[in-house]
> 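Quick one: the structure is below, and I'll ask about it shortly.
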Amino acid sequence: MDGDISSIQAEFDSQLEAAGSERDLAELRVRFLGKKGTLTGLLRGLGQLAPEERQAAGKRVNELKARMEAALEARGAAIAARALQARLEAEWVDVTLDPGRRPVGCLHPLTQVQHEIEDVFTAMGFEVLDGPHVETDFFNFEALNIPKDHPARDMQDTFYLEDGNLLRTHTSPIQVRGMLKRRPPFKIIGPGKVFRCERIDASHEAAFHQLEGMMVDRDIKVAHLVYFMKVFLARVFGREEEVRLRPGYFPFVEPGFELDIRCLLCGGKGCPVCKQVGWLEICPCGLVHPNVLRAGKIDPAEYSGFAFGLGLDRLVMMRYGIEDIRHLHGADLRFIRQFR
Ligand code: PHE
């Protein structure tokens, strides 16, 4: 019996030594301590011993059983600790690690300036409107008092589509759409792309950007136009700009003007940028022609308005000293990244 106990113990110890997982341990427990386990068999065998031997042997078997249980438990704890350690190492994250720089994009300078101007005008109560790039003859020309034989309709300037529609040549159709959808008084701006069949050079692109503005109310005069333009220019250029109005002809305004500011570069003395005149052309504008108000279902006897059509590309070029409009549309990231 003693020999049995020792050999069982030795066998258990060596198998315990070899057990590397919780599953090995469970199997080991079944093998030695289970219903049909080695030790259980031994305990049953005790019945056949003589009574005097039985007590001592029983004690030893029970001691062995207790040791086995304790050893299994200790081993189990060690295996669990090792597994935890392994997991901690595998899943370790260094939260102090420098994540490095992620490439960050930026808005195109045209978009940045457009947003800035939108902010200036919305702060003064203007609504920002959008309009379609593909327009009808009515919205692009007819409603804007551009007669059928006007040179602006010339095939040279306008991209016509096969279905008779066209790519809008200016943002002014937004005025018409705006008027038809609201009643005076109102103030709107409409930024967007416009298209003209231009010979492309440093200052001309076939697709460029304008920002239309319009205010309609009772008794709107040129003074209102000048006031809003001056506030806008002061915000965009960060200083009070001296402006002047020159007569300019556009079929949809009467009177029509070109609004100039003092040359940003020479301050008026004359330089190559302002072609020695000391003034820079900023934006065509004027009082809305009665025919245009009528096309927008507004009675010109009751209401009047002003409108302007800022050239956004030119403004961006002046602001940043960009000498060629093609940079703006070139999709060259080296150019764009300068405006981050
Ligand atoms: N739509 C005109 C253009 O593109 C500009 C303009 C707008 C002029 C509003 C006067 C008033 O040339």
Side-chain angles (χ1 to χ4, degrees), residues 110 114 117 121 126-133 135-147 150-154 156-159 166-179 186-198 203-216 220-229 232-233 243-261 280-296 298 300 303-316 325:
L110 268 165
Q114 180 191 317
I117 299 174
F121 280 104
F126 283 72
E127 269 178 86
V128 183
L129 303 189
D130 200 4
H133 291 172
E135 267 297 5
T136 61
D137 183 274
F138 174 78
F139 284 111
N140 197 80
F141 294 129
E142 200 69 50
L144 288 161
N145 195 35
I146 301 178
H150 193 277
R153 288 191 173 215
D154 197 297
Q156 298 275 301
D157 296 321
T158 310
F159 288 114
L166 47 90
L167 296 183
R168 69 178 179 198
T169 56
H170 50 182
T171 42
S172 300
I174 298 177
Q175 286 183 27
V176 185
R177 291 178 178 276
M179 283 188 289
F186 61 80
K187 305 199 276 296
I188 54 174
I189 54 168
K193 258 192 173 56
V194 299
F195 308 86
R196 282 184 206 173
C197 189
E198 297 274 7
S203 48
H204 295 90
E205 267 281 12
F208 53 103
H209 303 80
Q210 291 187 336
L211 188 138
E212 197 77 10
M214 182 186 227
M215 174 179 188
V216 178
I220 294 298
K221 303 176 174 70
V222 177
H224 294 96
L225 168 64
V226 172
Y227 168 78
F228 281 101
M229 295 317 287
F232 148 70
L233 289 166
V243 300
R244 76 172 184 187
L245 293 176
R246 277 180 297 122
Y249 173 71
F250 300 93
F252 33 94
V253 282
E254 180 57 37
F257 307 104
E258 291 287 354
L259 187 118
D260 298 343
I261 55 171
L280 290 174
E281 204 173 296
I282 277 285
C283 121
C285 51
L287 295 188
V288 184
H289 195 288
N291 287 349
V292 176
L293 289 171
R294 269 182 218 110
I298 292 169
Y303 293 103
S304 54
F306 69 72
F308 59 86
L310 260 176
L312 270 185
D313 309 76
R314 221 172 92 78
L315 197 69
V316 172
I325 192 172

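Quantities reported herein were computed from a predicted structural model and do not represent experimental measurements. For ligands, and for the atoms within them, numbers begin at 1 and follow the listed sequence.
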> Non-hydrogen atoms of M214 versus ligand 1: any pair closer than 4.0 Å?
no

> Below a 4.0 angstrom heavy-atom separation, can you tell me which part of F252, side chain or backbone, both or neither, approaches ligand 1?
side chain

> Does E205 have any side-chain hydrogen bond (donor to acceptor under 3.5 Å, both in side chains) partners at least two apart in sequence or in another chain, and if so, which?
none

> What are the atoms of ligand 1, with element, lying closer than 4.0 Å to any heavy atom of E212?
7 (C), 9 (C)

> Below 30° counts as parallel, above 60° as perpendicular, anything between as tilted: where do the rings of F250 and F252 land?
tilted

> Would R168 count as a cation-pi partner of F139, with NZ or CZ less than 6.0 Å from the six-membered ring centre and within 45° of the ring normal?
no

> Looking at every heavy atom in both L259 and C285, which two are closest together, and how far apart are they?
CB-SG, 4.0 Å

> Taking the six-membered ring for Trp, are H170 and F141 parallel (under 30°), tilted (30 to 60°) or perpendicular (over 60°)?
tilted

> R196: heavy atom below 4.0 Å from ligand 1, yes or no?
yes

> With a 4.0 Å cut-off on N to O distance, would you call R246 and E281 a salt bridge?
yes

> Any atoms of ligand 1 less than 4.0 Å from a non-hydrogen atom of F250? List them with their elements.
8 (C), 12 (O)

> Report yes if some N/O of S172 lies less than 3.5 Å from some N/O of ligand 1; otherwise report no.
yes

> Is there any N or O on T169 that sits under 3.5 Å from an N or O of ligand 1?
no

> Test F306 against F228 for ring-ring contact (aromatic ring centres under 6.0 Å, His included), laying out the working first.
CA-CA 10 Å; F306 69 72; F228 281 101; 5.8 Å; yes

> Any atoms of ligand 1 less than 4.0 Å from a non-hydrogen atom of Q210? List them with their elements.
3 (C), 4 (O)

> What residue and atom, counting heavy atoms only, is the protein's closest point to atom 5 (C) of ligand 1, and at what distance?
P284 CG, 3.6 Å

> Tell me which one of G213, A307, G309 gets a heavy atom nearest to atom 7 (C) of ligand 1.
G309

